[in-house]
Protein chains: 2
Amino acid sequence: MSETVLTPPRENVEPKTLVEGAYQRLRRDIIEGVHPPGEKLRVEHLKDQYDVGAGTLREALLLLVTDALVVAQGQRGFRVAPISIEDFEDITRTRILLETEALRQSIALGGEDWEAGIVAAFHRLSRAEQKLGGQDDYVHTAAEDWEKRNRAFHDALIAASPSRWIRHFQNILYQQSERYRRISLFRRPIPRDVHAEHEALFDATLARDADRATAILAEHILRTLESVRHMPTDFFTSPAKH
Amino acid sequence: MSETVLTPPRENVEPKTLVEGAYQRLRRDIIEGVHPPGEKLRVEHLKDQYDVGAGTLREALLLLVTDALVVAQGQRGFRVAPISIEDFEDITRTRILLETEALRQSIALGGEDWEAGIVAAFHRLSRAEQKLGGQDDYVHTAAEDWEKRNRAFHDALIAASPSRWIRHFQNILYQQSERYRRISLFRRPIPRDVHAEHEALFDATLARDADRATAILAEHILRTLESVRHMPTDFFTSPAKH
DNA sequence: TGAACGAATAATCTCGAGAAAAAGTATTGA
DNA sequence: TCAATACTTTTTCTCGAGATTATTCGTTCA
């Protein structure tokens, strides 16, 4: 578990330990909905599924508590963190608060490297957005790809913020919102034209117009909330298997 | 570990499990500086000290990673999270961002219960502040008491905020800053007249003057930063035992 | 002398089994 | 039929020992 705290992307980091490996796989499965919200996570079953010992799996679950993807209740085991429309609203608003502040700091302090990083990330994202208009055959992998680049773009925007804490919290919230987005994407793929928004955000940021950039960013994040709001009403009645 | 995430005060919660017990004691010892920043946390030694098994202690350490009080490096064990003046500045600024927003929300949404809670907490805090003027004999326990009530007052102010996430993050940051404050208190007990600040904050909040209240709160939190800034320059050269 | 290599030591990581607790099931009695 | 109780099963929690990896210390060679 190299660099477990206050260090954003332990995404593609090669796991140095069995605990870290199980942690990564479990997290992916929770975000992708393999383990739906509210599901009981029984160590005895999961240890076979993930091919590690019981103690090791417990430790992986404990690490997931850090990301608030798993909740632990003493003497009563672990569960996948539940979801709700209220929670997603909270996540979205808090993300706006943190991400706009980080963007403001970046615009104030960012140098040439920061700008170059944004240009590159925007370019890659634009290409991915083009592909989304392609055949339905590629939709799934293309969406997966777009997801990664979208995140990379957002990360690049705030990369010049000196606040490790804001980035840490922003990270947790992004991960959380990804879980919601995956679910809504599953039903209604690519609901809106995001490219124009990204371009406006890109322009305002490089023009160092902090007020305009943060306004666009806030609006941009808020729109995701809308697309989840229009889900079937019974959607958030957590399955709570068993 | 009952209610381990997104639920503020697992302070005086009776531990339902050995892991939770060890976690609580370890956290207290880290915040109070018994385990100084940067110290290597060897499981083999600590398991005897805290009277639990090795696996149990590992789990407690993993839980502390959630609070960012411990950092884990794969295959190289655990350490107490290091401190630095930059980190404390970051903590302080991020706290201001979150806490002023939470206060704003509370002022907008808070009802009678919220008001009553603030009045009560302010009263208790005022009494504790009176005692701080007393004999040196009581200084330690009185400061301890003041610390608790100070936190209770701050919590009461933002209790009406509907954002669980802001409160969760604010909680982590408060805990972090407590570690810094303990250290500075140790050398320079009660550096400034906080009562006037608290009173102004109290008045502005109950008057529902959000702009004034948040300005005072920001100023209030910032002052803590000043008192740490004026520490000996070599203070943050982490001991890093071993 | 000092740098590089290798052995010894110490620490971490991992696992499975036993103890404790919770959840589920069946039985009994009203 | 229903509720309460006792029993059984499942699951969680806890521990110590073995395997793996990192670190330290001593030796050798340039």
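Residue numbers begin at 1 in each chain, while the letters A, B, ... track the order of the sequences.
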Out of C:dT14, D:dT14, C:dA22, which has the shortest distance to the side chain of A:Q75? C:dA22
Any side-chain N or O of A:T56 less than 4.0 Å from the OP1 or OP2 oxygen of C:dT14? no
Apply the test salt bridge (Lys or Arg N to Asp or Glu O under 4.0 Å) to residues B:E147 and B:R151: give CA-CA distance (whole Å), side-chain angles for both, the deciding distance (0.1 Å), then the verdict. CA-CA 6 Å; B:E147 186 64 50; B:R151 162 136 213 199; over 6 Å; no
Considering residues at least two apart in sequence or located in another chain, which fulfil the side-chain hydrogen bond (donor to acceptor under 3.5 Å, both in side chains) criterion with A:D29? A:Y50
Heavy atoms under 4.0 Å, any strand shown: does B:L57 hit a base, just sugar-phosphate, or nothing? nothing
To the nearest Å, how far apart are B:L46 CG and C:dA11 C1'? 13 Å
Nearest-Å distance, CG (B:L41) to C1' (C:dA11)? 13 Å
Between B:R58 and C:dC13, is there a side-chain N or O to OP1/OP2 distance below 4.0 Å? yes
What is the distance from CZ of B:R42 to C1' of C:dT9, rounded to the nearest Å? 13 Å
Starting at CG of B:L18 and ending at P of D:dT12, how long is that distance when rounded to a whole Å? 17 Å
Taking only side-chain nitrogens and oxygens of B:H45, does any of them come within less than 4.0 Å of OP1 or OP2 of C:dA11? yes
With a 4.0 Å cut-off on heavy atoms, is B:L61 in touch with a base, just the backbone sugar-phosphate, or nothing at all? nothing
Geometric class of the B:F169/A:F169 ring pair [parallel <30°, tilted 30-60°, perpendicular >60°]: parallel
B:R25: which residues meet the side-chain hydrogen bond (donor to acceptor under 3.5 Å, both in side chains) condition with it, sequence neighbours left out? none
Can you measure A:D51 atom CG to C:dG16 atom C1' for me and round it to whole angstrom units? 15 Å
How close or far is atom P of D:dT14 from atom CG of B:L63, stated in whole angstroms? 11 Å
Check: B:W146 side chain, B:L125 main-chain N or O, donor-acceptor pair, under 3.5 Å: no
Side chain of B:R76 only, heavy atoms from C-beta on: which candidate in D:dA22, C:dC13, D:dT12 is closest? D:dA22
May I have the distance from B:K47 (atom NZ) to C:dA11 (atom C1'), rounded to whole angstrom? 12 Å
Roughly how many Å is it from NZ in A:K40 to C1' in D:dT11, rounded to a whole number? 7 Å
Would you indicate, yes or no, if D:dT14 has its OP1 or OP2 atom less than 4.0 angstrom from a side-chain nitrogen or oxygen of B:T17? yes
Both B:G55 and A:V43 contact DNA chain D. Taking the nearest nucleotide for each, which residue is further toward the 5' end? A:V43
